[in-house]
Amino acid sequence: MLKPIPIKEDLFYVGVNDRTKHLFENLWPLPKGVSYNSYLIKDEKTALFDTVDVCYSDTFFHKLEIALDGKQLDYVVINHMEPDHSGSLGLLKSRFPNVQIIGNKRTADMVQGFHGITDGVKVIADGEELSLGKHQLVFYLTPMVHWPETMMTYEKTSKIIFSGDAFGTFGTLDGGITDAQLYPERYYDEMIRYYSNIVGKFGSPVQKALEKLSTLEINYICSTHGPVWTLPDQIEKVVSIYDKLSRYQGDEGVVIAYGSMYGNTEQMAETVAYELAQQGIREIILHNVSKRSHSYIIRDIFKYKGLIVGSPTYNNKLFPEVEYLLSKVEGRDMKNRYFGYFGSFTWAGAAVKRLAQFAEDTKFEVVGNPVEMKQAMQLDTHDACIALGKAMADRLKQDR
Ligand code: FEO
């Protein structure tokens, strides 16, 4: 029997861990699993904040009923309708037919569309308040963090922000729920991967949401994924991570993402990397796009300012896995990157042309001269790769 976990007096964690799924959204690897967080406030009125993926509804309802301990459930606040959080809403309504579903106008449309529920839905406006007794809720609409209906709920008495996906991470909660009960460093790379993979396109809405929250005093961040953040230095850190990522600000470093069928294009990548290291760049990450999940490549592209892409020509186009990666970068409206590129061909070149088009479309700052290699590396190609590595290093060092 799994019990709800008290976070503080009147606030209970009733979420679940998913160590079964291989892919989040059927796209992104989950080597460390993921949690679907749900919280209950018990006051004169009771309020639940989001539900969980329907696959885990049994465990969730079990925890919820123990936490309620015979009290009725008055409200369920839906901060986000994506089914990893709203998946159990239909079942919740069946079990608690008198529960009021709280959301904004867009939430209400989705509650009807996904669950066919139209009664007992209370539509709130931006800034509207709801009293639970000694706890006072304020609703902040934060569209596109990460769907159009997303909102956050602030509890004024204990200064809790129920933030939906914002400040979320991949990784299960293995015993500890709050940052004080676990080792937070374990989650930061997974937070960046979560942000870049899931929310990455929506930098500007995230900035607007952060601006909206900026005047609030926050003692607890209760996100829908990952730890509850309670320690002042950790709260500052997770907010700054989201702020930096949503501004598309990278650290000094270079991701070299390359495709290579027989190792010739890989030699170009290695040569560029060698020169970067010679020039004093320490964060150099080579990703073979055919082997490394794009989830991690995207994470690193969000982390570092420099991006160099290399590809063979394949069927008179880009190597397919490189093309697929580029579509993911473009799909996230990635900004503020220094970009270099190289390509290869055996009898007719197309890769470099396509990479030039990518540079134009993304408006990345092109660094150095693109390198195009016929068949295998000769001295001229080697020297051109060295020059490309040096140009990228020089550009990065200008920002020191
Ligand atoms: Fe965790 Fe956008 O759902």
Side-chain angles (χ1 to χ4, degrees), residues 13-39 48-57 59-60 76-90 92 101 103-104 106-107 109-111 113-115 139-153 161-173 177 187 190-210 213 221-229 238 241-242 245-246 295 298-299 302 328 331-333:
Y13 179 84
V14 292
V16 297
N17 286 305
D18 184 343
R19 298 186 185 86
T20 304
K21 279 192 192 64
H22 288 277
L23 297 173
F24 189 78
E25 293 183 340
N26 239 346
L27 282 171
W28 314 106
L30 290 171
K32 298 177 181 173
V34 68
S35 69
Y36 310 117
N37 298 345
S38 172
Y39 307 91
L48 180 71
F49 297 85
D50 294 300
T51 72
V52 302
D53 186 306
V54 72
C55 301
Y56 293 87
S57 56
T59 304
F60 165 65
V76 55
V77 176
I78 300 297
N79 284 321
H80 186 18
M81 272 301 294
E82 194 164 7
D84 52 333
H85 310 298
S86 74
S88 299
L89 186 61
L92 185 89
I101 298 170
N104 57 68
R106 284 179 158 141
T107 321
D109 288 346
M110 293 186 188
V111 168
F114 278 107
H115 298 284
F139 304 105
Y140 291 98
L141 270 55
T142 53
M144 303 317 299
V145 185
H146 117 252
W147 277 15
E149 88 303 351
T150 43
M151 61 183 208
M152 299 190 197
T153 305
I161 188 84
F162 296 97
S163 61
D165 279 346
F167 314 116
T169 81
F170 291 130
T172 50
L173 297 169
I177 301 293
Y187 289 91
E190 285 295 79
M191 177 177 280
I192 296 169
R193 190 166 70 92
Y194 178 83
Y195 177 89
S196 61
N197 289 190
I198 309 300
V199 193
K201 180 179 171 58
F202 306 110
S204 165
V206 171
Q207 279 293 309
K208 285 192 184 124
L210 291 175
L213 302 184
I221 295 178
C222 291
S223 164
T224 45
H225 300 289
V228 174
W229 303 99
V238 301
I241 288 174
Y242 263 68
L245 291 170
S246 58
S295 174
I298 296 283
R299 176 198 65 188
F302 268 76
K328 288 175 176 166
R332 279 159 183 74
D333 291 340

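Remember, it's 1-based here, ligands and their atoms both numbered in the order they're listed.
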**Item:** Proximal heteroatom of H146 relative to atom 2 (Fe) of ligand 1 (N/O/S)
**Value:** ND1
**Asked** Can you tell me the N, O or S atom of H80 that's nearest atom 2 (Fe) of ligand 1?
**Response** NE2
Under a 3.5 Å threshold, yes or no: a donor from one side chain and an acceptor from the other, between [X] and [Y]?
X: H85; Y: D165; answer: yes
X: S196; Y: R332; answer: no
X: T169; Y: E190; answer: no

**Message:** Given M151, which partner from the list I78, V77, V145 fulfils the side chain to side chain contact (heavy atoms under 4.5 Å, CB included) test?
**Reply:** V77
**Prompt:** Of all the N, O or S atoms in H225, which one sits nearest to atom 1 (Fe) of ligand 1?
**Reply:** NE2
**Asked** If you check every N/O/S atom of D84, which is the one nearest atom 1 (Fe) of ligand 1?
**Response** OD2
**Message:** Surrounding NZ of K208 (heavy atoms of other residues, nucleotides or ligands, distance under 6.0 Å), is the total greater than 12?
**Reply:** no
**Message:** Closer than 2.8 Å to atom 2 (Fe) of ligand 1: does that hold for any N, O or S atom in H85?
**Reply:** no
**Message:** Angle at atom 2 (Fe) of ligand 1, OD2 of D165 to OE1 of E82, rounded to 10 degrees, please.
**Reply:** 170°
